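Just so it is clear, the model here is predicted, and its values are computed rather than measured. The residues of the chain are indexed from 1 along the displayed sequence.
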Amino acid sequence: MKARTRVAAAILAFAALPLILVNAGSLADLRDDAARNGDLLLSGNADELATLLAATRTRWLESVRADARLPIFEEMLTSDEAPSPLRLSRFFAAMTSRDTVNIGAIGVLDLQGRVVVDSQAVNKGRDESLEPWFLRVVASGHPQMIGPYTASGERRSALYFTALVRDADEKRRGVLRMRMEPAVLGQVMSAALIATPGLSATLLDEDGRTLAGVGPLGNAELALGATADDKAERILTVGNERVAIKPVPNSPWRVVVRQPLAEWHAPQDQLNREWVLETLLLLGLLLGASLLLGRRIAAPLARFSEVAGRLAEGDYGPVPRWPGVEEARHLGEALNALAARLRETIGTLSKELQQRRDAESALRASKEQYLDLVEQLPAAVYRCGNAPGWPMEFLSPQIVALTGFTASDLLAGDGQHFARLIHPDDMAKCEAAISEAAIRLGKYQLNYRIRDRDGETRWVWELGSVHTDAAGRPTQLTGVMFDVTERETANQAMALLRGRIEARVGGDFFLALATGLARVLDVERVMIGRYQGLPPTRVVSLALAHRDGPSERADFAIAGTPSAAVLAGGQIEVLDGVTQRFPDDASLATRGLRSCIGRRLDDSHGRPIGVLAVLHGQPMAADDSAARLLDLFQARVAAELERVIAEEDLQRLADTLENRVAERTHELEEANASLSQAMEHLVQREKLASLGSLVAGVAHELNTPIGNALTVSTALNDIHRQFADVLAKGAVRRSALDRFVAENSEATELIERNLQRAAALISHFKQVAVDQASVRRRQFDLAALVEDVLSTLSPRLKRSPHRVEVDIPPGLVLESYPGPLEQVLTNLVENSLVHGFESGQPGVIRISAEAAGPRIRLRYADDGLGIPPALRHRVFDPFFTTKLGQGGSGLGLYLVYNLVHGRLGGSIELLDDAGPGACFIMELPVVAPAAGEETSG
């Protein structure tokens, strides 16, 4: 073989082999990159799908939670009258208009699972108490999503969203249920995959069943095999598909993004083809270059081989020059310079790399120290980004102890999950403080309440600050949150004791303290009991309260109850699992109580006298705030209980003294009874005398119209007899007939007018007599009642020169006792006629009334002689009169006073400066107080 051929082959071998190997390595890297890109495409779409589904699911749940707060749902469940069908149809149409395609039915159920109202009328009244979505939402208290699920009585599966309907006091009133078509899941998934054609996605439930699918393979069966129960995120090959599995946050679902292996391998196959073409082209170029180089350097290499052989044989003569040696020397120098430059560059790069490694190590150490410091803080550290609502970007692990949720739970989605835990009453205060701090670029402090994962109320003290960029704009918030529940609980309890309980005594103190502790500690029940027996065998509750207010009292035996352990222990006793430890106490299981913290109450001599206990449906610890508050309050409660016991002992002593006093005062009581009986007889005689006077006057008044009617009827009988005689003789004329008709008409009109007058007098007297003879309660118009009274008094008034003026507007209706009121008016008129007016001098009596809120002000006045100032204070005294023996008994105004203040439930007073005469003002309630017993007289 010629030298240049060997040189060309050697060049080709030494040049092509490394290039092929390098190119092959590059191909492997490119194939790996293509595979990673394919997997990233799958996992990225899976992440996006999972995030979108989680956000959509959260949005649905928050939407149904918000809808459940609408006042109309509470009205449906609590009002006796259901909303009108038109209002319901408009309301349900407004709710379903948000998604007319997917929202199927909206219903409201009571707490027993019965459908109260439903947008589909056929569902009303159906019992859904055994449906899993109803059972879960009632058990957890949080919004639930179940499905796709085929409910009983339904033909198609659906998604069910449920939330508890609560009133303003957070009490459960019912359940809101929204039914949606499962196709909505596919719509959500299609929206996420629309920008990536060729991919398919499948949504699986916790049992591996397909809930929804999009794309060519979305609904095809996927044989995951042993991975069916694997809930971790992963990418794997299943059959002829490449799949990415991603759990949907905060749900039992999994998203599977799928791609046929042929499509997944397509970029790698394209790289293989390109690599083959590039390699063939490179070999061709190297072969041509090798032949050219071989021709140029073959001769110099041959001469160089000859010189090397001579030197090997010991020939150290001068080395002749050969063609191409200058190029070789220049190439060597260039290679030396290149190597020197490479050594310098590599050294510089090594130093920079070491410095970067040192910086990264220092940064890592600083970060680890920072995280160690954050984890050692007794508070949760947070960071919020500058976006609407200041979403959370970082939370330290201490957030679990504060809220019960992990940092990942609260940072998922829009980062607003922590804000949703804040109590609604404190949200506005928090937003205002943060907004003010963001404006002035300063720090802020907050004290507010949250609801943790178990629904318990916790107090948070937050200290934060606003960070800015170079331009002075706020970029983020950072701060710490401390759990100050125990401090706030203690402060509230102490404020409760100082402000509203400390001043109370006895039963009021025990009930107020128990109720206040139940609300402050947010526990099921607080009991303050007193021991009975020596040694104690029973407990009588002095106060048994729950968080919403007082509860029933209890009297039970100590044996077999938590009180037995408290009595034996004496100090703070923390008992968990009380239902299992005390099976004989059935009330514990009935009320769902799980734990008890009790403190025995001892008197000043160390003797047990009672028990103070807190019972709750959740576990409690010895270092809990409830235990500390019981230990704090036990001395005050024991002192109050000892005081009550001492008062009872004193009361027993006082009872013996009262018996002796009762014996000595028996005679006085009998004397008082005789006097009261005599007074009652006199009052009844006064009433009968007044009624007798009315009867006499009305009888006298009736004589005139009845006598007139009798006279006219006699004349009418004579007219008839005369006309009958004329008619019998046959001498009837037209003039006689006209005269007969006219006389008949006149006579009958006179009879009718007089009888009507007599009937009106009898009607008025009958009504007044019935009212005054009874104490029955009824509704009546005040103006009509006054008219009836004046009608019955008209005979008395006609015989006097005095007149009565009435100014009472119609429509003043009272629900009261008309008889006593008529008696009052009658006595006042009689008092004016007997005592107020001088003989022969005309006088005026004025009666007026007006509405005054829930009462009516009735004014009675006359312009007579009046009452001397020295006697005004005695006008209502019994037997006081200025005309004793002249027709006055002294009981008229005394009876008026007793009737107004007693049966009518009002008040009466004599005005001092009302001008001439006397003026009485009566305040009467529109609705009189109910009498103990209504009896007829």
Between Thr162 and Gln144, is the side chain to side chain contact (heavy atoms under 4.5 Å, CB included) condition met? List the steps. CA-CA 5 Å; Thr162 57; Gln144 298 290 321; 3.5 Å; yes

Is the count of non-hydrogen atoms from other residues, nucleotides or ligands lying under 6.0 Å from Arg156 atom CZ greater than 12? no

Sidechain N-carboxylate O distance under 4.0 Å for [X], [Y]:
X	Y	answer
Asp555	Arg538	yes
Asp127	Arg114	no
Arg69	Asp167	no
Glu640	Arg643	yes
Asp110	Arg173	no

List the atom of [X], the atom of [Y], and the distance in Å for their closest heavy-atom pair.
X	Y	result
Leu135	Ser129	CD2-O, 3.2 Å
Lys124	Val116	CE-O, 3.2 Å
His417	Thr58	CE1-CG2, 4.0 Å
Ala419	Met427	O-CE, 3.1 Å
Val578	Leu593	CG2-O, 3.8 Å
Gly529	Val539	CA-CG1, 3.9 Å

Between the main-chain N or O of [Y] and the side-chain N or O of [X], is there a donor-acceptor pair closer than 3.5 Å?
X	Y	answer
Thr403	Val400	no
Ser251	Val248	yes
His605	Arg607	no
Thr406	Asp409	yes
Ser157	Pro148	no
His616	Glu524	yes
Asp426	Arg449	yes
Thr590	Ala586	yes

Kindly determine whether Tyr531 and Thr537 satisfy side chain to side chain contact (heavy atoms under 4.5 Å, CB included), including the steps that lead there. CA-CA 7 Å; Tyr531 290 143; Thr537 58; over 6 Å; no

Is a donor from one side chain sitting under 3.5 angstrom from an acceptor on the other, for [X] and [Y]?
X	Y	value
Thr457	Arg451	yes
Tyr160	Glu131	no
Ser604	Glu642	yes

Heavy atoms, side chains only, cut-off 4.5 Å: are [X] and [Y] in contact?
X	Y	value
Leu517	Val614	no
Val64	Leu176	yes
Lys171	Arg166	no
Asp585	Pro562	yes
Trp461	Met481	no
Val115	Arg177	yes
Phe134	Val175	yes
Arg172	Val138	yes

To the nearest 0.5 Å, what is the distance between [atom1] ([X]) and [atom2] ([Y])?
X	Y	atom1	atom2	result
Leu203	Arg254	CG	CZ	10.0 Å
Phe394	Ile399	CZ	CD1	10.5 Å
Trp253	Leu204	CH2	CG	11.5 Å
Phe510	Leu542	CZ	CG	5.0 Å
Ile609	Leu641	CD1	CG	4.0 Å
Ser140	Leu164	OG	CG	7.0 Å

Run the salt bridge (Lys or Arg N to Asp or Glu O under 4.0 Å) check on Arg420 and Asp414 step by step: do they pass? CA-CA 11 Å; Arg420 298 185 183 103; Asp414 57 2; 2.8 Å; yes

What pairs with Phe161 under ring pair (Phe, Tyr, Trp, His ring centres under 6.0 Å), at least two apart in sequence or on another chain? Trp60

Evaluate Ser563 against Leu567 for side chain to side chain contact (heavy atoms under 4.5 Å, CB included), listing each step before the verdict. CA-CA 6 Å; Ser563 296; Leu567 175 61; over 6 Å; no

By side-chain hydrogen bond (donor to acceptor under 3.5 Å, both in side chains), which residues pair with Arg530, not counting sequence neighbours? Glu648

Specify whether Tyr448 and Phe418 have parallel, tilted or perpendicular ring planes, treating 30° as the upper limit for parallel and 60° as the lower limit for perpendicular. perpendicular

Between Leu575 and Arg581, is a side chain to side chain contact (heavy atoms under 4.5 Å, CB included) present by the stated rule, with each step listed? CA-CA 9 Å; Leu575 306 174; Arg581 294 182 59 179; 3.4 Å; yes

Applying salt bridge (Lys or Arg N to Asp or Glu O under 4.0 Å) to Arg126 and not counting sequence neighbours gives Glu128, Glu154

